[in-house]
Amino acid sequence: SAILAQAARRQGAIPIPYSCPFLCPARASSKPMAVYRLESRDWDSEKACRLREDVDECSSSSSDDGGKSSDDNREDGEGGRCGDRAWVCSSTRSVVLLGLAVCAVAALFCSMVRLNGWSGGSKVDTKLRTVSESKQPVALMALPGFGFGQAANISEASVSADVEAVTDGMWSWSKPWESWGGSAPRPAPLPPGVMPPAPLPAPTSPVPTPAPSSSTKCASLDAPENAACKKVIDWVVTGGGKWDPNASNWFSDMKTITGAEDYTTASTEDYQRMYYCSPPGGEQCGAPPCTCSNPPCDTCLAGAELVKRAGCDGGGAGDASMGIQCAPPKMPMDYKGMSWPPMTFRGVQEMHIFAIGDWGGMDGSLSPIEGRPPLIAYDGGGEKGPSVFPRTRWNRYHTIELCNHDHFVTCFNTRGKDCPKSCGFVVGVDDQPQQLVAQAMEARALMNKPQYILNVGDNFYWGGIEKTCGTPMHQLSYTAFHQFNQVFESVYSGPGLKDLPWLSVLGNHDWGGRQFNNGWDQQIAYTWHSKRWIMPAPYYMVPISYPDKMFTVDVYMIDSNVHDAKDPPKDSEHNICGSAHNPEGATCSAVGGPDSVKECPSFFHDLWQEQKQWLEQKLSESTATWQVMVTHFPCGEDGENQMWYRKLHTHYGLDLMVTGHRHDQELWLPTEWRNHMGGLTCVVAGGGGGITSEATPDSDHQRDWFGEAEYGFYDIAIGPVSMHVQSINYDGKVMKQTYVYPKPKMTR
């Protein structure tokens with residue numbers, strides 16, 4: 001204490017121990033954890049120790065929680081005077097020196113405790129810092145037994161280093177604050193230029209598949225490519241960051257990513273691996289560590305294994321000798337046009353299929369990589385689970401804008417209190433549509449027991465899996481794992497839903513929305529990391545049989561995103577190939593995707609033409625009772641004024657088309673004015689709730705509705721002679737229904 005005091009005096013400050021309750025005995029029992037502010041050049045002998053909340057200039061009449069005063073909600077702009085549970089002290093020099101002497105005795109006592117084996121050792125940084133606004137030096141020091149000294153809530157901009165850090169030994173008891181009703185020890189301040197981690201919720205579903213080692217080049221933490229994450233990792237590991245009260249939230253996924261049992265005992269290399277895979281706060285490491293607790297160190301899901309399906313034994317990536325269900329392809333396009341193994345459902349009960357699309361909200365709790373911004377559009381969007389994306393609303397004919405994105409954000413932030421009436425915002429519906437639709441599906445599933453779900457795409461807003469394409473197909477990135485956990489696994493997990501197969505296609509937002517190089521390939525890869533997600537390629541087929549009811553179905557999964565793949569300069573907000581939002585040099589050529597922005601439109605055009613020929617051939621060969629097509633872009637949008645879809649029905653016997661993209665529910669009957677597909681029944685199942693609906697969901701104001709509902713899904717009862725198609729609203733009500741009968745092929 002004497003050495004530190006002498007060093008501090010040279011800088012014009014007196015270091016006061018972290019907690020010396022003897023200086024202010026009347027306050028000590030209620031606030032044992034204390035940080036003292038020193039003003040050695042402006043002594044005022046009439047001032048006594050005061051709690052921070054007693055200081056007029058530090059008080060606040062309002063806070064973020066609606067006006068309540070709270071230690072935890074106040075921020076400190078002057079180096080510690082307004083920190084939570086902080087004390088403000090000004091006293092005479094003699095009292096200060098007396099306090100130092102008392103604390104020296106306390107230190108000796110704590111060393112005796114340590115020698116008797118009552119606690120573990122650690123180190124603490126003692127820093128002298130200057131508050132930049134007031135230029136008043138502040139000295140912080142940790143008393144043995146009470147953790148890390150910090151002027152609470154010092155912002156990055158308000159603090160600058162004044163003296164080199166002095167490191168000394170210290171001792172600590174095991175969470176002594178718990179018996180006092182206090183909080184955990186304070187870590188050292190963050191280094192300049194380092195942002196604190198953002199809180200992360202723990203994953204809510206079982207850890208999926210592993211990831212065998214990739215060829216990613218490893219590097220030490222000191223390597224130049226890890227400069228962005230080194231400071232924060234040093235702060236976490238050696239500066240006390242892992243003892244921050246929020247640390248258990250920041251590093252809750254440490255075990256999932258690295259296999260380390262406890263973030264408090266994780267190695268520096270484990271933290272480097274975590275910050276490479278999913279950096280709390282966004283300071284990502286550019287390279288994984290070369291060594292770690294649970295290798296391979298360049299993967300982001302430790303200790304998991306690939307899903308093994310019945311009948312699969314052996315075989316590596318690309319080995320489809322026992323069926324494409326057994327092993328992922330080497331490239332995401334390798335299984336194009338192939339058949340998923342036949343699915344069989346026994347029983348004589350009524351059989352049901354659910355259909356849904358545009359359901360996947362934003363994962364605001366994700367710690368993005370690659371410098372991407374958090375997926376948060378409004379207050380509360382950072383909570384775990386999905387949050388709906390607020391989309392502009394227009395009138396029915398899309399000629400008058402009723403509510404733009406900014407208006408919608410205001411509606412969300414004020415819970416509808418300061419919201420333009422034209423937005424049609426319905427509190428309790430527009431702010432949680434995915435959850436409401438999922439609940440309606442669960443209730444309906446308990447009653448009708450569906451066998452599988454047809455998923456028409458737009459599975460993750462805004463731009464699909466938030467990483468660049470190119471992850472090896474046998475691996476699952478932590479980004480994909482987190483998004484699937486928060487937006488899919490944790491939402492559709494109720495009784496009657498949790499084990500159902502999801503036959504899925506990509507939507508335009510899954511490719512990236514306004515770009516093509518997001519992690520669309522990871523949605524394909526998830527097929528071999530999940531027991532229920534099925535998307536082995538951009539297009540494929542699934543034969544399904546019901547032997548006890550003596551009928552069969554062939555389901556054709558088609559990628560129709562060519563309709564949003566336009567010339568690069570055009571329609572930048574609705575163009576996967578747009579030059580405005582695709583990053584410079586964007587390419588997915590290494591995994592068989594578009595080579596460049598220039599070549600992007602031709603890639604999707606060629607893919608579409610390839611599928612058209614494939615589908616016509618497969619339909620002509622089908623002997624199934626029913627033929628069903630599933631694709632993303634909505635009814636009638638085939639690029640040929642519905643003529644190709646008409647041909648699929650009249651010539652090839654296509655019975656039902658299930659689509660999405662428009663964010664509502666539309667059951668197109670064969671006799672309707674808008675249906676020119678030769679009698680083909682089609683549904684738009686775009687009301688899954690990942691994005692706000694086309695129009696208000698208020699059923700008393702249907703003027704701008706283009707379909708029968710805004711949020712919902714479809715329930716299809718299927719048998720050997722008919723399909724009963726029902727449009728189900730988010731509240732469980734049947735909004736529209738029809739019957740479909742098999743269409744025989746035209747004799748050619």
Side-chain angles (χ1 to χ4, degrees), residues 72 148 150 153-156 184-204 207 221 225-289 292-294 297-302 362-376 380-385 387 465-467 477-487:
D72 292 332
F148 298 91
Q150 177 184 354
N153 296 325
I154 301 177
S155 66
E156 172 190 351
R186 290 274 179 191
L190 278 165
V194 176
M195 296 300 293
L200 285 176
T204 57
V207 175
L221 184 60
E225 51 264 54
N226 289 324
C229 66
K230 176 175 168 52
K231 285 184 179 180
V232 69
I233 291 177
D234 284 344
W235 173 72
V236 170
V237 177
T238 63
K242 61 185 176 183
W243 302 114
D244 188 281
N246 295 307
S248 61
N249 197 21
W250 294 337
F251 309 124
S252 61
D253 43 10
M254 173 67 77
K255 183 176 181 180
T256 302
I257 294 174
T258 72
E261 290 293 331
D262 189 342
Y263 70 88
T264 63
T265 58
S267 67
T268 299
E269 290 76 17
D270 291 332
Y271 275 100
Q272 181 183 340
R273 184 177 178 182
M274 181 177 185
Y275 274 80
Y276 170 71
C277 295
S278 181
E283 303 291 340
Q284 186 186 9
C285 291
C292 60
S293 299
N294 295 277
C297 306
D298 56 355
T299 62
C300 296
L301 290 173
M362 299 182 296
D363 180 7
S365 63
L366 174 71
S367 291
I369 59 174
E370 302 171 357
R372 296 167 181 255
L375 301 174
I376 299 173
E383 299 296 324
K384 66 179 181 179
S387 61
I465 300 300
E466 288 291 329
K467 72 173 302 296
S477 66
Y478 188 76
T479 298
F481 167 69
H482 198 280
Q483 288 186 250
F484 268 101
N485 255 299
Q486 296 296 319
V487 179

Asker: Taking C-beta and beyond as the side chain, do Thr268 and Thr238 meet within less than 4.5 Å on heavy atoms?
Answerer: no

Asker: Return the CD1 to CD distance between Ile369 and Gln284, rounded to the nearest 0.5 Å.
Answerer: 5.0 Å

Asker: Parallel under 30°, tilted from 30 to 60°, perpendicular over 60°: which one fits the rings of Trp250 and Trp235?
Answerer: tilted

Asker: Can you tell me how far the OH atom of Tyr478 sits from the CZ atom of Arg273, to the nearest 0.5 Å?
Answerer: 12.5 Å

Asker: Side chains of Pro288 and Thr299, heavy atoms from C-beta outward: is any pair under 4.5 Å?
Answerer: no

Asker: To check you understand the geometry: which heavy-atom pair defines the closest contact between Gly259 and Ala302, and what is its length?
Answerer: N-CB, 3.4 Å

Asker: Output the distance between atom CG (Asn294) and atom CG (Leu301), rounded to the nearest 0.5 Å.
Answerer: 12.5 Å

Asker: Heavy atoms only: give me the nearest Pro368-Pro373 pair and the separation to one decimal.
Answerer: CG-O, 3.5 Å

Asker: Return the CG to CD distance between Leu366 and Glu466, rounded to the nearest 0.5 Å.
Answerer: 7.5 Å

Asker: Return yes when atom NZ of Lys467 has more than 12 non-hydrogen atoms of other residues, nucleotides or ligands closer than 6.0 Å, and no otherwise.
Answerer: yes

Asker: Could you check if a side-chain atom of Ser367 sits within less than 4.5 angstrom of a side-chain atom of Ser278, using non-hydrogen atoms only?
Answerer: yes

Asker: What is the distance from atom SG of Cys285 to atom CE of Met274, rounded to the nearest 0.5 Å?
Answerer: 11.0 Å

Asker: Is there a donor-acceptor contact under 3.5 Å from the side chain of Lys242 to the main chain of Thr264?
Answerer: yes

Asker: Is a side-chain N or O of Gln272 found less than 3.5 angstrom from the main chain of Ala287, in a donor-acceptor match?
Answerer: yes

Asker: Would you compute the distance between atom CG of Asn246 and atom CZ of Phe251 and round it to the nearest 0.5 angstrom?
Answerer: 10.0 Å

Asker: With distance as the sole criterion, is a donor-acceptor pair present between the side chains of Asn249 and Ser252 under 3.5 Å?
Answerer: no

Asker: With respect to Asp363, which candidate in Gln486, Gln483, His482 satisfies the side-chain hydrogen bond (donor to acceptor under 3.5 Å, both in side chains) definition?
Answerer: His482

Asker: Under a 3.5 Å distance rule, please check whether Asp270 uses its side chain to pair with a backbone N or O of Met254 as donor and acceptor.
Answerer: no

Asker: Does Ile465 form a side-chain contact (heavy atoms from CB on, under 4.5 Å) with Phe484? I'd like the steps, not just the answer.
Answerer: CA-CA 9 Å; Ile465 300 300; Phe484 268 101; 4.2 Å; yes

Asker: Identify the heavy atoms of Gly241 and Ala247 that sit nearest to each other, and give their distance.
Answerer: O-CB, 3.8 Å

